[in-house]
2 protein chains.
Amino acid sequence: MSDVLHRKPASSPRPACASAPPGGWRGDLPPPAGTTEPLVRDEDDGGVLDLVELFFFAYRDFVGDADRLLETYGFGRAHHRVLHFVDRRPGLSIAALLDILRITKQSLNRVLKQLLDAGLVEARAGAHDRRQRLLYLTPRGEALARELATLQSERFRRVLGDMPPPARDAAADFLFAMIDADQRARVHDHLARARVRDGLTDDAP
Amino acid sequence: MSDVLHRKPASSPRPACASAPPGGWRGDLPPPAGTTEPLVRDEDDGGVLDLVELFFFAYRDFVGDADRLLETYGFGRAHHRVLHFVDRRPGLSIAALLDILRITKQSLNRVLKQLLDAGLVEARAGAHDRRQRLLYLTPRGEALARELATLQSERFRRVLGDMPPPARDAAADFLFAMIDADQRARVHDHLARARVRDGLTDDAP
DNA sequence: CGCTATATGTCAGCTATATTGACATATTTC
DNA sequence: GAAATATGTCAATATAGCTGACATATAGCG
């Protein structure tokens, strides 16, 4: 069985103590008898619920790093997402960004306006279609975007021990499979475009 | 290299078409030249950024199922979290719940009051310490909690192909490692308490 | 017995992020 | 020239979080 699920918390740098957690969630263990439910769960949620919770905790800490940094700049998660995706795909149109973020243009606009005003993002009219406003990061926007990206990348690097391809692939496959089946093509397409941007393509003829 | 990252999106049930995505994020590819940045990223973010984004998309879809169901009940994510953790650890105290959720008591109280009023959660005074209000789900609360849990569990089951222990362990280890090092002991402790509740302990005497 | 600490509730006001609906403008396309 | 598209904007609303201040009940201690 999984280490995570059974060994005493001896995983990270001196996890203090198993019976009395460090900063410690309070203990209030024994249900005072007379609960309305059975002692053992009927069907499903054997140990899978552990995964559900681990995903919750992992994501929270994953975004926590960036949140803290953003606070010092007076920005929030919404700004982070815009910076991130514009950094990944410079020249992204508003419509494309809306499609990625799945928010309304009104929501995006508030945040985007702040980033434009702060001089972190720049919008240029599209060359072919002048109705479009294509988004780019300014050097300062890039600096922040990369500072944020580094925080999050480093967590992955730590976890996957500096990325031996098989480990990285396993994680990527797992996360990709967690995405809604009908969204995977879109995500795949997005990643491909980001890779083109990075000059890392090898599909090219 | 990873399937996810290189094969044409032929992963899920008929992903439509690679060059023109199904519901399709818009395409606006070639940066109109004259960008301020280099063509290839300096140091870090090789392919790790893909993982960062996959984590983002995966989490969004992961909570999306539950969000949709909750909407039909007029509840939100905050209610979900309370239902979930009370279901996992019946008899949880307010303080313990606050420690897990990492929100203020004021934030919790608004949501909790609604759940109490709706008759999904019940609070009983602690037997030993009568100041405490220990939380339990009513049968109706349990029903909703499990409906939600099932949605999320099923996603994991689908992904990890009905949970052969090694796959489940790998996922659990990966997610656990993504958690802040100084939080792992607490999470571990929480999982242990949940497991005790489920009568699945084998650490016993 | 009182004093203090703890567990919890509550009022009031603020912020960030999202929503809907309606309407305005510029540009492309047919 | 009309219709469709890409975008911006105003206004109202909801959710989920926050801070600060203050109230109450119970526990624990000397």
Side-chain angles (χ1 to χ4, degrees), chain A residues 24-28 56 60 63-64 66-68 70-83 86 91-118 121-135, chain B residues 24-28 56 60 63-64 66-68 70-71 73-84 86 91-118 121-135:
Chain A
W25 289 344
R26 270 72 149 199
D28 26 78
F56 167 73
R60 177 177 59 181
V63 285
D67 282 352
R68 259 165 266 132
L70 285 158
E71 220 172 294
T72 75
Y73 287 79
F75 293 124
R77 263 181 221 187
H79 305 88
H80 182 187
R81 293 198 273 260
V82 172
L83 284 173
V86 174
L92 202 65
S93 71
I94 299 287
L97 187 50
L98 287 176
D99 254 354
I100 291 176
L101 298 178
R102 304 240 219 126
I103 58 177
T104 60
K105 64 180 171 179
Q106 294 92 325
S107 294
L108 173 58
N109 229 274
R110 178 182 41 83
V111 168
L112 185 55
K113 209 183 301 184
Q114 292 169 343
L115 290 171
L116 289 163
D117 289 350
V121 173
E122 222 176 75
R124 316 180 194 156
H128 303 312
D129 186 338
R130 293 172 36 88
R131 288 172 302 181
Q132 292 187 319
R133 299 178 70 209
L134 307 187
L135 304 174
Chain B
W25 289 344
R26 270 74 147 198
D28 25 78
F56 168 74
R60 177 177 60 182
V63 285
D67 282 351
R68 260 166 266 129
L70 285 158
E71 221 173 294
Y73 287 80
F75 292 124
R77 263 182 221 185
H79 304 89
H80 182 186
R81 294 200 271 259
V82 172
L83 284 172
H84 175 94
V86 174
L92 201 65
S93 70
I94 300 287
L97 187 50
L98 288 176
D99 254 356
I100 291 174
L101 299 177
R102 302 238 221 132
I103 59 176
T104 59
K105 65 180 170 179
Q106 294 94 326
S107 294
L108 173 58
N109 228 274
R110 180 176 36 79
V111 168
L112 185 55
K113 209 183 301 185
Q114 292 170 346
L115 290 171
L116 289 164
D117 289 350
V121 173
E122 222 176 73
R124 315 180 196 156
H128 302 312
D129 186 338
R130 293 172 36 89
R131 289 171 302 181
Q132 290 187 320
R133 298 180 69 209
L134 307 186
L135 303 174

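Quick note: numbers below take in every heavy atom, side chains included, and nothing from hydrogens, waters or symmetry partners. Lettering of chains follows the sequences in order, A, B, ..., and the numbering in each one begins at 1.
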| message | One pair to check against side-chain contact (heavy atoms from CB on, under 4.5 Å): B:Ile103 and B:Val111. What are the steps and the verdict? | response | CA-CA 11 Å; B:Ile103 59 176; B:Val111 168; over 6 Å; no
Assess the residue pair B:Leu135 and B:Leu97 against the criterion (side-chain contact (heavy atoms from CB on, under 4.5 Å)); give the C-alpha distance rounded to whole Å, side-chain angles, the decisive distance to 0.1 Å, and a yes or no.
CA-CA 9 Å; B:Leu135 303 174; B:Leu97 187 50; 3.7 Å; yes
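Taking A:Arg77 as the reference, A:Val63, A:Asp67, A:Arg81 meet the side-chain contact (heavy atoms from CB on, under 4.5 Å) condition, with sequence neighbours excluded. Checked against ring-ring contact (aromatic ring centres under 6.0 Å, His included), A:His79 has the following partners two or more places apart in sequence or in another chain: A:Phe75. With sequence neighbours left out, A:Arg110 forms a side-chain hydrogen bond (donor to acceptor under 3.5 Å, both in side chains) with no residue at all. Residues passing the side-chain contact (heavy atoms from CB on, under 4.5 Å) test with A:Lys113, sequence neighbours excluded: A:Asn109, A:Asp117.
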At a cut-off of 3.5 Å, list every protein nitrogen or oxygen paired with a nitrogen or oxygen from nucleotides 27-30 of chain D, distance to 0.1 Å.
| unit_1 | atom_1 | unit_2 | atom_2 | d |
| --- | --- | --- | --- | --- |
| D:dA27 | OP1 | B:Arg130 | N | 3.0 |
| D:dA27 | O4' | B:Arg131 | NH2 | 3.4 |

Collect all protein-nucleotide pairs involving nucleotides 18-21 of chain C in which both atoms are nitrogen or oxygen and the distance is under 3.5 Å.
| unit_1 | atom_1 | unit_2 | atom_2 | d |
| --- | --- | --- | --- | --- |
| C:dA18 | OP1 | A:Arg81 | NH2 | 2.4 |
| C:dT19 | OP2 | A:Thr104 | N | 2.8 |
| C:dT19 | OP2 | A:Thr104 | OG1 | 2.9 |
| C:dT19 | OP2 | A:Ser107 | OG | 2.9 |
| C:dT20 | O4 | A:Gln106 | NE2 | 3.4 |
| C:dG21 | O6 | A:Gln106 | NE2 | 2.7 |

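Across the protein-nucleic acid pair, A:Gln132 atom CD and C:dA26 atom P stand 17 Å apart, rounded to whole Å. D:dA11 atom P lies 15 Å from atom CG of A:Asn109, rounded to whole Å. Look at CG on A:Leu108: it is 17 Å from P on C:dA16, rounded to the nearest Å. Distance CZ (A:Arg60) to P (D:dG17): 11 Å, rounded to an integer number of Å. Look at CZ on B:Phe75: it is 10 Å from P on D:dA16, rounded to the nearest Å. If you take NE2 of B:His79 and P of D:dT15, they are 8 Å apart, rounded to a whole angstrom. Following rounding to the nearest Å, B:Ile94 (CD1) and D:dT26 (C1') show an atom-to-atom distance of 16 Å. D:dG17 atom C1' lies 18 Å from atom NE2 of B:His80, rounded to whole Å.
For A:Ser93 against A:Gln132, the heavy-atom pair with the smallest separation is CB-NE2, 4.0 Å.
At least one side-chain heavy atom of B:Leu101 sits less than 4.5 Å from a side-chain heavy atom of B:Val82. Using a 4.5 Å heavy-atom cutoff, the side chains of B:Leu115 and B:Val86 are not in contact.
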